[in-house]
Each structure stands twice: as C-alpha cells, then as structure tokens.
Amino acid sequence: MANGQWFPPDWPERIRALTDGTLTPVAPKRAATVMLLKDAGSGPVVHMLRRRASMAFAGGAYAYPGGGVDPRDDDRHVRWAGPTRAWWAARLGVDETAAQAIVCAAVRETYEEAGVLLAGPAPDSVVGDTTGDDWEADRAALVARETSFAEFLDRRGLVLRSDLLGAWTRWITPEFEPRRYDTWFFVAALPEGQRTRNASTEADRTVWIRPADAAASYDEGELLMMPPTIATLRQLLPYGTAAEALAAAPARDLTPVLARARLVDGEVELSWPGHDEFTKHIPAGGGPA
C-alpha cells in the first residue's frame with residue numbers, strides 16, 4: 001500500500017456486480033461527523049479516534065466523532081440557539097425537520113464519542129467540564145438510545161448551540177457498499193473548560209494531531225483513513241486557527257461527493273469526482289491497482 005487508504009477486500013467484487021447490474025444499491029442513512037479543533041502553538045489540531053481493529057468496517061482506520069441520525073430528532077422540539085432551522089435547511093440542502101436532526105446528530109455524537117457538548121444554559125453560553133458521574137450517566141443513556149437528545153437538553157435546561165458548528169462538506173457512501181451513509185461533515189472548536197476523552201466503545205485510541213502531520217502519516221502509509229477523512233484533513237491545511245476554519249465554513253460547497261464506478265478498457269475504474277488521488281483501477285478478477 002503506497003499510502004494509508006483503507007480499501008475493503010470485497011470492493012472489487014461488489015463494484016463489478018454494480019457495473020453489470022446484479023447489485024441494487026441500498027438507500028443511504030443520514031449521518032453527521034465533526035472535526036473538532038483547538039489551537040496549539042503551531043496552528044490548529046484536530047481530534048481523531050482510531051477505530052478498533054476488530055470493527056467489521058474500517059477497523060484500524062482513523063476518523064472523527066460521528067454517527068447516524070436519531071429519527072426522534074426530526075419531529076421533537078429541540079431547545080435551539082444560533083441560525084434558524086430554516087437557515088440550516090437551506091445550508092444543508094434538506095427540509096427543516098431533517099436539518100434539525102442532522103445538526104442534533106453532530107452535537108450528540110460529539111458528546112457521545114468525545115465527551116464534548118456544544119450546548120449551554122443560555123443562547124450565548126456553553127457548559128464547562130462534563131466529566132462527572134452524572135454527566136456520564138446521561139451520556140450512556142444517549143448512547144443506548146434510552147433518551148432522546150431533546151429530552152436530555154430539556155432535563156438539563158440546556159440549549160443546543162448550532163452557531164458553534166460550521167457545515168464543511170458532504171460525502172455519500174459509494175453505491176456498491178452494503179451499508180451506506182449520507183454524511184455531513186462539520187467543524188467546531190473545543191469549548192473553553194471542556195476536554196476530550198475516549199468515550200467511544202468503537203475506538204481504541206484518540207489523538208489531537210495537526211492536519212499536516214496526519215496527512216503526512218497517511219501519505220507514508222502509517223495512518224489508515226477512508227477517502228473523506230484524508231480529504232477533509234487536507235482541506236484544513238490553509239487555516240492558521242480554529243476560528244479561521246469556522247469562518248470559512250459558510251462559503252464551502254456542500255455538493256455531495258459520491259464515488260463513481262465504470263468500466264474502462266476491461267477494468268473497473270473507481271473515482272471520486274474532484275478527488276483524483278483516490279482513483280483506483282480494478283482488473284478483471286483482481287484487486288485495486
């Protein structure tokens with residue numbers, strides 16, 4: 001492997017099945033993931049977790065906190081601060097109920113997997129340390145889906161701070177994958193007084209790392225990553241602070257990135273539009289080249 005691109009062993013067979021019409025794509029589920037940033041002496045660092053090697057999907061790969069949308073967040077009233085749901089709907093390219101659920105997923109998953117909560121008792125405040133036993137009990141209840149995010153906020157008297165998020169990009173899992181996600185990537189800055197921890201049962205390590213260092217380790221084959229992860233890391237390189245990245249988010253294009261598989265001269269060519277570095281050629285009966 002020339003770099004750290006994670007490539008599932010069953011992709012060639014599934015891609016060929018898609019191109020010859022014997023595989024029907026499954027509908028992607030909505031998801032959100034957050035690039036959590038904080039400033040260090042040499043520029044911003046990003047919080048990443050390493051998926052356990054035992055995980056069936058992307059085991060050993062580095063990623064950001066994130067996960068699927070809870071359907072309960074579509075229609076329940078959520079205590080809300082920042083841009084309106086209508087603003088988020090226009091930004092994310094969905095209706096208002098879906099926009100609320102996607103933003104809730106971003107905030108909830110960051111809390112579930114990193115212990116960081118983008119919410120406060122007032123529209124202009126944010127909670128401090130969230131590492132106490134009572135907070136952990138609430139986090140565990142959210143992970144187990146015993147309580148909805150709206151119920152959690154109501155009980156705590158908290159307001160979701162949507163203004164602390166910036167929508168960055170959107171990737172859809174390739175059509176040949178058995179589990180597919182329509183994932184919105186967000187950026188956020190670590191709130192003052194809070195600290196991250198490895199709260200995810202799916203991760204065996206977490207790090208704060210400079211995007212340039214993570215990208216270099218990927219290029220050298222030392223860190224495994226999926227295409228969206230390394231692509232977004234490279235997109236963070238121009239920014240000298242977390243605030244600069246957040247300020248850039250509203251102008252970013254959220255046109256979904258979806259892999260394309262086609263037959264070219266007897267080979268299957270797998271490509272991600274706008275991201276030539278991920279292009280793969282799969283010979284008949286062989287693996288990626």
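In what follows, every heavy atom counts, from backbone to side chain, and hydrogens, waters and symmetry copies are set aside.
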Exercise. For Y181, which fellow cluster members are found when Ile, Leu, Val, Met, Phe, Trp and Tyr are connected by side-chain heavy-atom distances below 4.5 angstrom, either directly or through intermediates?
Worked result: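 The other cluster members (ILVMFWY side chains, heavy atoms under 4.5 Å, direct or chained): none.
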
Exercise. For L258, which fellow cluster members are found when Ile, Leu, Val, Met, Phe, Trp and Tyr are connected by side-chain heavy-atom distances below 4.5 angstrom, either directly or through intermediates?
Worked result: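 The other cluster members (ILVMFWY side chains, heavy atoms under 4.5 Å, direct or chained) are I172.
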
[X] side chain vs [Y] backbone, donor-acceptor pair below 3.5 Å:
{"X": "Q194", "Y": "L117", "result": "yes"}
{"X": "S217", "Y": "A214", "result": "no"}
{"X": "R72", "Y": "T147", "result": "yes"}
{"X": "Q100", "Y": "D73", "result": "yes"}
{"X": "R50", "Y": "D204", "result": "no"}
{"X": "T229", "Y": "M225", "result": "no"}
{"X": "R79", "Y": "D154", "result": "no"}
{"X": "D95", "Y": "A98", "result": "yes"}

Would you mind reporting whether [Y] and [X] have side-chain heavy atoms less than 4.5 Å apart?
{"X": "T131", "Y": "R195", "value": "yes"}
{"X": "R234", "Y": "P211", "value": "no"}
{"X": "P178", "Y": "V26", "value": "no"}
{"X": "V78", "Y": "C104", "value": "yes"}
{"X": "V34", "Y": "Y64", "value": "no"}
{"X": "T196", "Y": "T206", "value": "no"}
{"X": "P121", "Y": "L158", "value": "yes"}
{"X": "L160", "Y": "V103", "value": "yes"}

For this session: Identify, with sequence neighbours excluded, every residue that meets side-chain contact (heavy atoms from CB on, under 4.5 Å) alongside D133.
Result: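 With neighbours one apart ignored, the set is empty.
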
Can you tell me how far apart [atom1] ([X]) and [atom2] ([Y]) are? Round to the nearest 0.5 Å.
{"X": "K280", "Y": "L270", "atom1": "NZ", "atom2": "CG", "value": "9.0 Å"}
{"X": "L37", "Y": "L236", "atom1": "CG", "atom2": "CG", "value": "6.0 Å"}
{"X": "M35", "Y": "L165", "atom1": "CE", "atom2": "CG", "value": "11.0 Å"}
{"X": "W80", "Y": "S162", "atom1": "CH2", "atom2": "OG", "value": "5.0 Å"}
{"X": "E175", "Y": "I15", "atom1": "CD", "atom2": "CD1", "value": "11.5 Å"}
{"X": "E277", "Y": "Y218", "atom1": "CD", "atom2": "OH", "value": "5.0 Å"}

Go through the structure and list residues passing salt bridge (charged side-chain N to carboxylate O under 4.0 Å, His left out) with [X], not counting sequence neighbours.
{"X": "R85", "result": "none"}
{"X": "R14", "result": "none"}
{"X": "E13", "result": "none"}
{"X": "D163", "result": "R161"}

Problem set entry | Pairs satisfying salt bridge (Lys or Arg N to Asp or Glu O under 4.0 Å), at least one member in residues 206-216, at least two apart |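 Pairs touching residues 206-216 that pass the test: R210-D213.
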
Exercise. Which residue pairs pass the salt bridge (Lys or Arg N to Asp or Glu O under 4.0 Å) test with at least one member in residues 239-256, sequence neighbours excluded?
Worked result: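 As it turns out, there is no salt bridge (Lys or Arg N to Asp or Glu O under 4.0 Å) pair with a partner in residues 239-256 once direct neighbours are skipped.
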
Exercise. When you look at E112 and R108, which way does the salt bridge (Lys or Arg N to Asp or Glu O under 4.0 Å) test go after all the steps?
Worked result: CA-CA 6 Å; E112 289 182 9; R108 175 178 45 77; 3.3 Å; yes

For this session: With side chain to side chain donor-acceptor pair (under 3.5 Å) as the test, would you mind laying out the steps for Y62 and R205 before giving the verdict?
Result: CA-CA 9 Å; Y62 280 77; R205 184 189 184 209; 2.7 Å; yes

Which heavy atom of [X] sits nearest a heavy atom of [Y], and at what distance?
{"X": "T241", "Y": "P44", "value": "N-CD, 3.8 Å"}
{"X": "W208", "Y": "L190", "value": "CZ2-CD2, 4.1 Å"}
{"X": "E113", "Y": "G66", "value": "OE1-N, 3.1 Å"}
{"X": "V69", "Y": "A101", "value": "CG1-CB, 3.6 Å"}

For this session: Sequence neighbours left out, what pairs pass side-chain hydrogen bond (donor to acceptor under 3.5 Å, both in side chains) with at least one residue falling in residues 24-33?
Result: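 Checked against side-chain hydrogen bond (donor to acceptor under 3.5 Å, both in side chains) - neighbours excluded - the pairs reaching residues 24-33 are R30-D74.
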
Problem set entry | Verdict with supporting geometry, I209 and V45, side-chain contact (heavy atoms from CB on, under 4.5 Å) | CA-CA 5 Å; I209 188 169; V45 289; 5.8 Å; no

Exercise. So F152 and Y111, would you call those rings parallel, tilted or perpendicular, with 30° and 60° as cut-offs?
Worked result: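 The arrangement is parallel - the two ring planes meet at less than 30°.
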
For this session: Give the ring-plane orientation class for W171 versus F278, where under 30° counts as parallel, over 60° as perpendicular and anything between as tilted.
Result: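 Rings of W171 and F278: perpendicular, over 60°.
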
Problem set entry | With F176 via ring-ring contact (aromatic ring centres under 6.0 Å, His included) - residues at least two apart |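 Counting only residues at least two positions away or on another chain, F176 forms a ring-ring contact (aromatic ring centres under 6.0 Å, His included) with W11.
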
Problem set entry | Residue pairs passing the ring-ring contact (aromatic ring centres under 6.0 Å, His included) test where at least one lies in residues 227-269, sequence neighbours excluded |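 Passing the test, one end in residues 227-269: W168-Y239.
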
